[in-house]
S.K.: 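Have a look at this one.
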Amino acid sequence: MLSVSAGKCQLYMAHMHADNMHHQWLLLAACFWVIFMFMVASKFITLTFKDPDGYGAKQEPLILTAVTKVEEVHVPEEKHWPEEFQPTGKAFSGNLIRQPLVHMERLELLRNVCRDTALRDLSHTAVSKFVLDRIFVCDKHKILFCQTPKVGNTQWKKVLIVLNGAFSSIEEIPENIVHDHEKNGLPRLSSFSDSEIKKRLNLYFKFFIVRDPFERLISAFKDKFVHNPRFEPWYRHEIAPGIIRKYRKNRTETKGLQFEDFVRYLGDPNHRWLDLQFGDHIIHWVTYVELCAPCEITYSVIGHHETLEDDAPYILKAAGIDHLVSYPTIPPGITVYNRTKVERYFSGISKRDIRRLYARFEGDFKLFGYREPDFLLN
């Protein structure tokens with residue numbers, strides 16, 4: 001009887017041991033499964049969020065895409081610059097973040113027109129000494145500014161004079177110093193060696209300003225031949241008589257230079273004969289192409305006089321100098337295109353003379369997105 005009971009007890013204990021082992025194996029398997037799932041989840045997390053700094057860097061172009069494209073436009077040799085020649089420029093914030101799109105569109109239009117073979121003679125020019133004389137240099141902040149007279153250039157020269165350290169503020173600069181290139185501290189690009197010129201053209205921030213080409217010609221005519229506020233007598237006493245002798249139809253008329261005479265001179269395909277006699281004074285009315293060679297020099301920004309209230313702060317920000325200097329206050333309405341004035345000045349000009357004038361300045365109209373005047377289409 002006892003032996004039977006002992007046998008049953010041993011059988012029960014063996015069963016209990018096997019059952020415990022079974023539970024232990026289940027528990028061990030469950031632990032391994034949890035560990036395995038944790039490893040899989042950890043690997044997934046690592047792959048998804050690998051290197052927070054790298055992730056941030058990948059997102060950065062989403063914020064600075066426009067800035068990057070502008071830099072690509074004006075700095076083709078961007079890869080291996082010495083540190084001292086790194087181009088200036090900062091990220092944009094606030095309202096300025098929308099501005100790069102406008103300027104990228106302007107540069108894209110410029111590139112497309114430059115590639116138009118039908119307009120090649122009107123859009124291309126050699127980077128001659130005449131062009132290099134128009135470009136002012138600020139080595140301290142790596143900036144090149146191409147002068148386009150009658151487009152508010154005096155104020156930009158003041159900005160560069162302050163940046164170059166000749167004066168501590170724009171208000172301190174005497175008006176007679178601004179255009180005195182021996183005293184204003186603004187070197188011209190032509191004053192450097194060929195290798196130094198090339199280096200600056202490749203590496204520096206470059207810009208210039210344009211306005212409606214016909215309105216600019218009216219401004220030049222009024223400033224040099226009507227008002228002449230800086231007392232430059234050679235315009236009235238030397239240049240005006242030369243134009244009158246060659247282009248005035250009624251030789252008995254004794255009035256001073258008329259806008260009609262001026263238009264005939266500028267629209268004449270043989271105008272260069274007189275240009276050579278007038279020398280550098282022609283900078284006030286020659287084309288932007290002749291002044292700045294925009295199809296040969298890769299500019300960073302092209303500002304428009306009509307939107308200068310927005311373009312001036314953008315240029316200062318893009319050049320990385322907005323914390324150092326401000327563009328002088330712009331009087332209200334002074335930059336607005338005055339269509340009535342333009343039509344009034346051209347109302348007495350023959351269609352033939354206007355078409356010849358437009359034919360010369362068509363490159364400027366097309367390169368910078370200005371519409372052909374309505375009075376040419378009627």
Side-chain angles (χ1 to χ4, degrees), residues 56-57 59-75 78 81-104 106-107 135-148 151-175 177-178 184-187 189 199-210 298-305 307-332 334-335:
Q59 296 306 304
E60 199 170 351
L62 296 177
I63 301 171
L64 300 179
T65 298
V67 180
T68 303
K69 290 186 177 179
V70 170
E71 290 297 309
E72 288 174 359
V73 168
H74 80 278
V75 187
E78 188 180 10
W81 291 347
E83 184 176 351
E84 63 270 24
F85 287 110
Q86 289 292 332
T88 55
K90 297 183 177 180
F92 300 94
S93 60
N95 293 332
L96 290 177
I97 197 68
R98 296 187 294 271
Q99 281 290 338
L101 299 177
V102 174
H103 294 280
M104 287 169 60
R106 291 176 182 174
L107 294 173
I135 300 176
F136 295 99
V137 181
C138 175
D139 277 330
K140 185 176 181 180
H141 298 282
K142 301 179 177 61
I143 297 171
L144 300 180
F145 167 62
C146 184
Q147 177 188 21
T148 50
V151 191
N153 283 260
T154 298
Q155 306 306 326
W156 285 110
K157 281 177 145 182
K158 290 179 180 178
V159 168
L160 293 182
I161 288 170
V162 169
L163 290 173
N164 274 353
F167 291 87
S168 58
S169 71
I170 286 174
E171 292 72 26
E172 293 179 14
I173 306 172
E175 286 298 321
I177 294 293
V178 178
N184 64 15
L186 288 181
L189 190 56
K199 179 168 63 178
R200 284 165 175 78
L201 286 174
N202 282 337
L203 303 181
Y204 282 19
F205 179 90
K206 302 172 286 295
F207 77 101
F208 67 97
I209 313 296
V210 297
T298 313
Y299 286 91
S300 316
V301 177
I302 298 170
H304 281 225
H305 186 259
T307 55
L308 196 57
E309 289 85 351
D310 295 324
D311 290 359
Y314 172 82
I315 290 169
L316 297 177
K317 188 82 172 177
I321 55 174
D322 57 306
H323 62 295
L324 300 173
V325 66
S326 298
Y327 189 83
T329 302
I330 302 171
I334 197 171
T335 63

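Everything quoted here is computed from the prediction, not taken from an experiment.
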S.K.: Can you confirm whether Asp311 sits close enough to Val301 that some side-chain heavy atom of one is under 4.5 Å from a side-chain heavy atom of the other?
M.R.: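 When only atoms from C-beta onward are counted, Val301 and Asp311 do not touch, as no gap falls below 4.5 Å.
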S.K.: Name all residues meeting the disulfide bond (SG atoms under 2.5 Å apart) criterion together with Cys138; count only those two or more places apart in sequence or in a different chain, and write none if there are none.
M.R.: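 Listed in chain order: nothing, the list is empty.
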S.K.: Does the side chain of Val102 come within less than 4.5 Å of Asp310's, by heavy atoms?
M.R.: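 Side chain of Asp310 against side chain of Val102, heavy atoms only: no contact under 4.5 Å found.
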S.K.: Evaluate the criterion side chain to side chain contact (heavy atoms under 4.5 Å, CB included) for residue pair Ile135 and Phe145; output intermediate values, then yes/no.
M.R.: CA-CA 5 Å; Ile135 300 176; Phe145 167 62; over 6 Å; no
S.K.: So do the side chains of Asp139 and Tyr204 get within less than 4.5 Å of each other, counting heavy atoms only?
M.R.: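 Yes, at least one pair of side-chain atoms sits under 4.5 Å.
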S.K.: Is the backbone of Ile209 close enough, under 3.5 Å, to the side chain of Thr148 for a donor and an acceptor to pair up by distance?
M.R.: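 The answer is yes, because a donor-acceptor pair under 3.5 Å joins these two groups.
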S.K.: Quick one: side chains of residues 161-170, donor-acceptor pairs under 3.5 Å with protein atoms, not counting sequence neighbours, listed by atom name and distance.
M.R.:
{"unit_1": "Asn164", "atom_1": "ND2", "unit_2": "Val137", "atom_2": "O", "d": "3.3"}
{"unit_1": "Asn164", "atom_1": "ND2", "unit_2": "Gly185", "atom_2": "O", "d": "3.0"}
{"unit_1": "Ser168", "atom_1": "OG", "unit_2": "Glu172", "atom_2": "OE1", "d": "3.0"}
{"unit_1": "Ser168", "atom_1": "OG", "unit_2": "Glu172", "atom_2": "OE2", "d": "2.7"}

S.K.: Answer yes if the ring centres of Tyr299 and Phe207 are under 6.0 angstrom apart, and no otherwise.
M.R.: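 No, the ring centres sit 6.0 Å or more apart.
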S.K.: Could you please spell out the steps behind the side chain to side chain contact (heavy atoms under 4.5 Å, CB included) verdict for Lys142 and Leu203?
M.R.: CA-CA 8 Å; Lys142 301 179 177 61; Leu203 303 181; over 6 Å; no
S.K.: What is the minimum heavy-atom distance between His305 and Ile334, and which atoms define it?
M.R.: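 Residues His305 and Ile334, closest heavy atoms: CE1-O, 3.6 Å.
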S.K.: Is Lys158 salt-bridged to Glu171, cutoff N-O under 4.0 Å?
M.R.: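 Here Lys158 does not pair with Glu171 in a salt bridge, since their nearest N and O are not under 4.0 Å apart.
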S.K.: Side chains of Ile302 and Phe208, heavy atoms from C-beta outward: is any pair under 4.5 Å?
M.R.: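 Sidechains of Phe208 and Ile302: in contact.
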S.K.: Quick one: does His304's side chain get under 4.5 Å of Val210's, heavy atoms only?
M.R.: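 Heavy-atom side-chain distance check passes, below 4.5 Å.
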S.K.: For Asn184, what residues pass the side chain to side chain donor-acceptor pair (under 3.5 Å) criterion, not counting sequence neighbours?
M.R.: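 Scan of Asn184 (side chain to side chain donor-acceptor pair (under 3.5 Å), adjacent residues dropped) gives none.
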S.K.: Would Ile315 and Tyr327 satisfy side chain to side chain contact (heavy atoms under 4.5 Å, CB included), going step by step from the backbone distance to the final call?
M.R.: CA-CA 10 Å; Ile315 290 169; Tyr327 189 83; over 6 Å; no
S.K.: Has the side chain of Ser300 got a donor or acceptor atom that lies under 3.5 Å from a matching backbone atom of Lys206?
M.R.: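 Confirmed, Ser300 side chain pairs with Lys206 backbone.
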